[in-house]
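Everything numeric here is computed off the predicted structure, so don't read it as measured data. We name chains A, B, ... by the order of the sequence lines, and we start the count at 1 in each one.
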There are 2 protein chains.
Amino acid sequence: MNKKRHSLKDIARELNVSVTTVSFVLNGKGKEKKISDEVIKKIQDYTRKINYRPNLVAQSLRTGKTKILVFMVEDISNYFFSKIARIIEDIAYKEDYKVLFCSNENNDDRSRELINLFYERQVDGFIIIPSPGIKDSIQMLINNNIPVVLFDRYFDDLDTNYVVIDNENSTHHGTQHLLSRGYRNIGFITIDVDQIQMKGRLDGYLNAITENKLKSYVLKIPYSETGSKNGKKQIQQFLQKNPDLDAVFFSTNYLTQIGLEVLREDHPRKLQEMGIITFDDNDLFKIYSPSISAVAQPLKKIGKELMKIMMEMLQTDKGIKSTRHVVLDTKLIPRDSSLPKEEKLMHS
Amino acid sequence: MNKKRHSLKDIARELNVSVTTVSFVLNGKGKEKKISDEVIKKIQDYTRKINYRPNLVAQSLRTGKTKILVFMVEDISNYFFSKIARIIEDIAYKEDYKVLFCSNENNDDRSRELINLFYERQVDGFIIIPSPGIKDSIQMLINNNIPVVLFDRYFDDLDTNYVVIDNENSTHHGTQHLLSRGYRNIGFITIDVDQIQMKGRLDGYLNAITENKLKSYVLKIPYSETGSKNGKKQIQQFLQKNPDLDAVFFSTNYLTQIGLEVLREDHPRKLQEMGIITFDDNDLFKIYSPSISAVAQPLKKIGKELMKIMMEMLQTDKGIKSTRHVVLDTKLIPRDSSLPKEEKLMHS
DNA sequence: GTGAAAGCGCTAACAG
DNA sequence: CTGTTAGCGCTTTCAC
């Protein structure tokens, strides 16, 4: 086996042709450039024989394109993000793009660092879930004519492409669902963060509650504490302080996980009796006992829309065309955890 | 805002110094090369002002290093893989490496394609869960002196670095656990694939069963069907055909998911009464009802060991030193699903 | 102390 | 039809 990589020059020398000829042939421009069949064949045979692999770094330097996209989310190991990642990956590979995944932990410094890093590395485009304070970095990318699509959330005062869901409507609908099933004291457990998607989710809940002249119960947990014991404790206290709650709405899937854990340990009875809805579905919620009703985001559609916008930008050379705003609907999947209240009480 | 990227040349011209000087200063070699403080300051101030970002592609072409690692798994959206991905990512970033994640679907063609792709792109190292038939591609990387670490499985007749767990021992132990809890007819549901880790898992189970002179019940499902209705159907049939089973051992987490779904839908009673163990833990198994006993892989340790070997190879220039073989222990986490058989029957 | 220049491997305009 | 050549942006040797 050959230890050294072959270069165009090596091949050219070996075959007594010029680098250009080899380059043309390998790029499929042999016919177009009217290179003789004989030479074409010679080159193809030889390169196949030595298993020639072009140096894409050199190619990138020359063309200015890396064929790499960045997909930046809060945490790639989170169900929602990793599922979308997988969809994006598949579409991208079909379009001959590779995808670099990274997690920013919803942290501005880390986000900025990552964006700079990949900017230096000349990636062709960014698909980003922005952390709260990185408007400047996003702006920088846009100024430098680099395709960016945000998703899950965006900045009100920054004109970017984005793909989001109708958060407000979704939680409004979910809350209505609980109300229609007879629940009256509905708690809302969410993340304490000043981001548009979370504000939307809270608003949807609050509106539904006020429209029905009911009392709202809101618990806000700092994002940084969702991984720690502290988050769990806050939910425990919230449930204890509000014993009259007959339903809870969790605004993200990791909160649901913590919440279920608390309910299971401290209030096994409530776990069966309370109405429960989670934002973001998970395969496992379906097979939980009780199965958990969920507001499911359209993962495939989100992935597709993101890539559609991205490919469009990538293809229209540097069109500073209008930005695309896509707002998708979610789907409420009623399961056992939000069965009518009386029914639940009967069973338990 | 400036539309164009700045290059070293631009800076040099602007500041009336040479490219070399700028390069030295930016690489922190100013002092070493005895460049005057004045010039150093001038360059630093200016580059900061225009927010100069070096072109890392050019740098890579020149140095031959990309500072990118590839992490290839079956499916990045799977819990086990995405958790490890996250750990690897964190370690890598600290070492100033970026990580490209990709999913090979345990498919040889896709694996080969991906490996070639990244090889062309000059990535510095590969961490791979190999699909069954890509020994040749792995060999190619090794021949070309590219650091490779396999994990989860390896090839018996290929001398590579790898990090795996003691599969045989783990399932043996798990099966023993079920036996000690009074279960006698234990089924083993696994993937039909000729790979070392799955063979180990099956062997561990079979050995435990034979040692105790019991009957084995094995269901092998093709990997390709685990995502489809077909896989579900096979489990359904398996359970129907073997009504005397009092316990099941699932050999991977996605099989467990399907299995739980089947049990929940078709045999809610069995779900409570049967002994259940899963290979690969998941946060949600802990809060399931019943909580599911699991053979947990040491995710952090796996990630750390992988990166330790990788960094070692990356640093020792081209040392063809001996290959590293790391075999880690798993941890059996007994939960409610494997409570003593009598206890379970009493409760239900 | 600083600069000129070669070269990493590739593309493509231009020349013949 | 094929070859020469100028870069892409950077690092680094060698020269002054």
| query | Is any side-chain N or O of A:Asn27 closer than 4.0 Å to OP1 or OP2 of C:dT11? | reply | yes
| message | Regarding C:dA12, can its base be found pairing with the side chain of A:Thr20 as donor and acceptor, where the two atoms are less than 3.5 Å apart? | response | yes
| message | Side chain of B:Lys29 only, heavy atoms from C-beta on: which candidate in C:dC10, C:dG3, D:dT12 is closest? | response | D:dT12
| note | B:Lys33 NZ to D:dT12 C1', in whole Å, measures 7 Å
| What is the distance, rounded to the nearest whole Å, between atom CD1 of A:Ile11 and atom P of C:dC10? | 7 Å
| field | Distance, rounded to the nearest Å, where A:Lys9 contributes NZ and D:dA6 contributes C1' | value | 14 Å
| said: Without decimals, in angstroms, what is the distance between B:Asp37 CG and C:dT2 C1'? | reply: 15 Å
| Between A:Thr21 and D:dT2, does any side-chain N or O lie under 4.0 Å from OP1 or OP2? | no
| message | From CD of B:Glu32 over to C1' of D:dT12, roughly how many Å is that when rounded to an integer? | response | 12 Å
| task | With DNA chain C as reference, determine whether A:Val19 or B:Ser18 sits nearer its 5' end, using the nearest nucleotide of each. | result | B:Ser18
| query | Going by atom types alone, do B:Gln139 and B:Asn143 pair a side-chain donor with an acceptor below 3.5 Å? | reply | yes
| Looking only at side-chain N and O atoms, does B:Ser7 come under 4.0 Å of OP1 or OP2 in D:dG9? | no
| field | Sugar-phosphate only, base, or nothing, as touched by A:Asn16 at under 4.0 Å among non-hydrogen atoms | value | sugar-phosphate
| Any B:Ser36 side-chain nitrogen or oxygen under 4.0 Å from OP1 or OP2 of C:dT2 | yes
| field | A:Ser131-A:Asn107 side chain donor-acceptor pair, cut-off 3.5 Å | value | no
| query | Salt bridge check: are B:Asp96 and B:Lys94 linked by an N-O gap of less than 4.0 Å? | reply | no
| task | Output the single nucleotide from C:dT11, D:dC10, D:dG3 whose closest atom is nearest the side chain of B:Pro54. | result | D:dC10
| request: Kindly point out which of C:dG9, C:dA13, C:dG3 is positioned nearest to the side chain of A:Phe24? | output: C:dA13
| request: Grab the CZ-P distance between B:Arg13 and C:dA4 for me, whole Å please. | output: 13 Å
| query | Under 4.0 Å between a side-chain N or O of A:Tyr52 and OP1 or OP2 of C:dC10? | reply | yes
| Taking the six-membered ring for Trp, are A:Phe151 and A:Phe81 parallel (under 30°), tilted (30 to 60°) or perpendicular (over 60°)? | perpendicular
| field | From D:dC8, C:dG1, D:dT12, nucleotide with atom closest to B:Lys34 side chain | value | C:dG1
| task | Would you indicate, yes or no, if D:dG9 has its OP1 or OP2 atom less than 4.0 angstrom from a side-chain nitrogen or oxygen of B:Gln59? | result | no
| message | Heavy atoms from C-beta onward define the side chain here; which of C:dT2, C:dC8, D:dT2 lies closest to that of B:Arg62? | response | C:dC8
| Can you say whether the rings of A:Phe101 and A:Phe71 are parallel (under 30°), tilted (30 to 60°) or perpendicular (over 60°)? | perpendicular
| Contact class for B:Val57 vs. all strands (heavy atom < 4.0 Å): base, sugar-phosphate, or nothing? | nothing
| message | Rounded to whole Å, please give me the gap between CD1 in A:Ile43 and C1' in D:dT2. | response | 10 Å
| field | Residue A:Leu61, side-chain atoms from C-beta onward, closest of D:dT12, D:dG3, D:dC8 | value | D:dC8
| remark: SG of A:Cys102 to CG of A:Leu117, rounded to nearest 0.5 Å, is 8.5 Å
| query | Where the side chain of A:Ser23 is concerned, which of C:dT11, C:dG9, D:dG9 is the nearest nucleotide? | reply | C:dT11
| request: Round to the nearest Å and state the distance from A:Leu8 atom CG to C:dT11 atom C1'. | output: 9 Å
